[in-house]
Amino acid sequence: MAVRIRPAVHDDVPAIVALIARNARRGGLLPRSEANIRAHLGNFLVAEDDKGAVIGCGSLLPMNATLVELRSLAVDEHARGSGVGQKLVAALVEEARRRRFGTIFALTRAVRFFEKCGFSVAPKEFFPEKVWSDCVQCPMLENCDEVAVMLPLQPEQAPTITTQMRAQVLAAVRAGRIARRAVSRENRIPLETVTRLSATTHAAAPNNTSGVRKVVLAYTGGLDSSACVPWLIEHYGCEVICFLADIGQREDFEALRQKALRIGASKVIIRDLREEFANEYLFPLIQSGAIYEHKYLLGSSISRPLIAKHQVDVALQEGADAVAHGATGKGNDQVRFELTYMALKPELRVIAPWREWPFKGRRDVYEYARARGVPVGDFDDDLYTLDENLWHFNHEGGKLEDLEYEPEEHLWKWTNAIEETPDAPEYVEIEFLNGIPKRLNGEALSGAQLIERLNEIGALHGIGRVDIVENRLVGIKSRALDEAPAATILRVAHQGLEEITLDRETLHFKQIVALKFADLVYNGQWFTPLRDALQAFISVTQRDVTGSVRVRLFKGNAMVVQRKATYSLYREDLATFNNDEAYDQRSADGFIRLFGLPMRVKAQLDQRRAQHKPPPPMTPGPGRE
């Protein structure tokens, strides 16, 4: 029989569904729905006869960047014994090798068939915990008698499987034990275990000609950074350590850890940086008064140097020779990360996958990640880029790229719509010490706690929403939605306190400094001599910014209504219009004459010019002829 093996297409789905269903009824396969098959059609191969009829199918299911499962192998009963199954297995093995997987395995009763195809019976120790976790969840677990078989795709990495190991596995099956894993539902391998297969792949990847042994990746769990994990393993043949910074984003960090390990990371390091973020980055930002292009309170910009700083520290601790990030080649974050790397450890090699891989957009990245077993869900053409931390929640991309699109309410994740805010105002009192907020409504709080509390209160009243088109550093204009309730309230309160504690010249010059400070933060130039110098100036200006401010929150507005300071320059006896005992208004006459003297001289000159009269002759000074 002439048989052709080819990738499956959508027209093949009904035949694939029927083949799998027939085999499932005989107990040879787990059933799969049509929707499930369509969702993973890119991983299917089919066998067709000389008449074009589909007579067999099989698929690949990536477990992580190095391990793939062969599953859903089904052959029409009329074609059995003709070699169709072996041809399908050989084609699937070759496809797995082409995708650069290290090992392919299957769970089967047909042990002898797979041994003829080059597979070997394998004990559970040679598989990562993802395989066994899936088995423990399977409803057919209690009656399962399948055996794990495996085939290394890189012969030099092949683990040694002895005859004794094979006999032990088969004996366990005959004894009625669970063949996939000899444990109960309550006894699972911890996810932190680094698997033997992953370790051997990291240590001796045949395509590692890059000189990179170990890389620390700035990881968020999103599409871009998740796709970077298998890509780095495949293209650099290196070990990937994921570094995840907790800077206040509302994430399940344990779930992110598990995800990273399952897609190929050898280790995941998570650091709680919330207090450092608040005290050493956000509060100096508040002191500076910096705001980018009138609206943006720099929530993403200010976080990147902190993340990159700790990423470098992890790289040094782990003995890594490279760092990597998932920022695109069109945005600002690539600059912010890499300037920090340069400032703190210029010897580290920097890998930016978005500037190297062939993908043209997020659809391509999504397809790549899905093919590598990365949990990515369904693709949405209106996929937004999200950023969340203590300071803000930000949306970019998707429909926002159309400037005529009015954002739908569901895009605002933190703050209430004005229509849903309370109909009565709420007041908050913030106490500052040298420009740093220390107490909220009389309660002493840590930096992160104070910001989190203000975010909750401000969000209730719809505070801190902006729709901005900003100028990126790379020259592109970009639209974003930004929500920053606490940042908005603190900025308003701090500004209100500065109004009564800074003299006019200092206040005005500080406004100029704030513009430059905002540019430095936005551009990722945190670890620079200029930022240090400006910070020193700002710190001096804050010596007397100590006091309390009462802010009224109502229908999206934050307004200072009361303020008092230990070192206030405001004097009611001078400011009053009712009693002039402290101020002699007649003194203003001479002041105005002197202050306006340049204007008077200029006006007189203009009058002479208009009348075509020469300017008055210069009078020689003393001792001059």
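Every heavy atom of this structure was used, including side-chain atoms; hydrogens, water molecules and symmetry mates were not.
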Any donor and acceptor pair, going by atom type alone, linking the side chain of [X] with main-chain N or O of [Y] inside 3.5 Å?
| X | Y | result |
| --- | --- | --- |
| Arg479 | Glu401 | no |
| Lys413 | Phe393 | no |
| Asp333 | Ala327 | no |
| Ser226 | Gly221 | yes |
| Glu94 | Val89 | no |
| Asn389 | His392 | yes |
| Asp252 | Glu254 | yes |

In terms of side-chain heavy atoms, does [X] have a donor or acceptor partner in [Y] at a distance below 3.5 Å?
| X | Y | value |
| --- | --- | --- |
| Tyr236 | Glu356 | yes |
| Ser72 | Arg32 | yes |
| Ser303 | Arg336 | no |
| Asn394 | Ser300 | no |

How would you list, by chain and number, every residue that makes a side chain to side chain donor-acceptor pair (under 3.5 Å) with [X], sequence neighbours excluded?
| X | answer |
| --- | --- |
| Glu34 | Arg38 |
| Arg6 | Asp12, Glu48 |
| Tyr368 | Glu234 |
| His325 | Glu338 |

Using a strict 4.0 Å threshold on nitrogen-to-oxygen distance, state whether [X] and [Y] make a salt bridge.
| X | Y | answer |
| --- | --- | --- |
| Lys267 | Glu239 | no |
| Asp402 | Lys399 | no |
| Arg250 | Glu388 | yes |
| Arg271 | Asp313 | yes |
| Asp49 | Arg4 | no |

Original post:
Relative to the ring of Trp357, is the ring of Trp354 parallel (under 30°), tilted (30 to 60°) or perpendicular (over 60°)?
Top reply: perpendicular
So, using ring pair (Phe, Tyr, Trp, His ring centres under 6.0 Å) as the criterion, who are the partners of [X] when residues are at least two apart?
| X | answer |
| --- | --- |
| His40 | none |
| Phe44 | none |
| Tyr366 | Phe379 |
| Phe277 | none |

**OP:** Please report the C-alpha distance between His310 and Glu276 in whole Å, then the side-chain angles of each, then the deciding distance to 0.1 Å, and finally whether the side chain to side chain donor-acceptor pair (under 3.5 Å) criterion is met.
**Re:** CA-CA 11 Å; His310 281 268; Glu276 182 179 350; 2.8 Å; yes
Original post:
Hey, mind stepping through Thr328 and Arg355 against side chain to side chain donor-acceptor pair (under 3.5 Å) and telling me if it holds?
Top reply: CA-CA 7 Å; Thr328 72; Arg355 302 204 298 262; over 6 Å; no
Original post:
salt bridge (charged side-chain N to carboxylate O under 4.0 Å, His left out) with Lys87: which residues, sequence neighbours excluded?
Top reply: none
Original post:
In chain order, what residues pass the salt bridge (charged side-chain N to carboxylate O under 4.0 Å, His left out) check against Arg274, with sequence neighbours excluded?
Top reply: Asp246, Asp272, Glu452
**OP:** Walk me through it: do Asn43 and Arg71 pass the test side chain to side chain donor-acceptor pair (under 3.5 Å)?
**Re:** CA-CA 10 Å; Asn43 288 329; Arg71 60 163 52 182; over 6 Å; no
**OP:** Go through the steps to decide whether Glu251 and Leu256 satisfy the test side chain to side chain contact (heavy atoms under 4.5 Å, CB included), and finish with yes or no.
**Re:** CA-CA 8 Å; Glu251 294 278 9; Leu256 293 180; 3.9 Å; yes
Original post:
With Arg472, which residues qualify under side-chain contact (heavy atoms from CB on, under 4.5 Å), at least two apart?
Top reply: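 Only Lys330, Asn332, Glu396, Val474, Ile476, Ser478, Tyr522 meet the side-chain contact (heavy atoms from CB on, under 4.5 Å) criterion with Arg472.
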Subject >> Counterpart residues, side-chain contact (heavy atoms from CB on, under 4.5 Å), relative to Ala110 (two or more places apart) >> reply: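 Expected list: Thr108, Phe113.
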Original post:
For Val93 and Leu153, what are the C-alpha separation, side-chain angles and deciding distance, and is it a side chain to side chain contact (heavy atoms under 4.5 Å, CB included)?
Top reply: CA-CA 8 Å; Val93 167; Leu153 301 176; 3.8 Å; yes
**OP:** I would like to know whether Glu69 and Leu60 meet side chain to side chain contact (heavy atoms under 4.5 Å, CB included); could you show each step before the answer?
**Re:** CA-CA 6 Å; Glu69 180 183 359; Leu60 298 175; over 6 Å; no
Subject >> side chain to side chain contact (heavy atoms under 4.5 Å, CB included) between Val215 and Ile241, intermediate numbers included >> reply: CA-CA 6 Å; Val215 60; Ile241 297 173; over 6 Å; no
**OP:** Looking only at non-hydrogen atoms, find the nearest pair between Leu88 and Leu45 and report the distance.
**Re:**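 That would be CD2-O, 4.1 Å.
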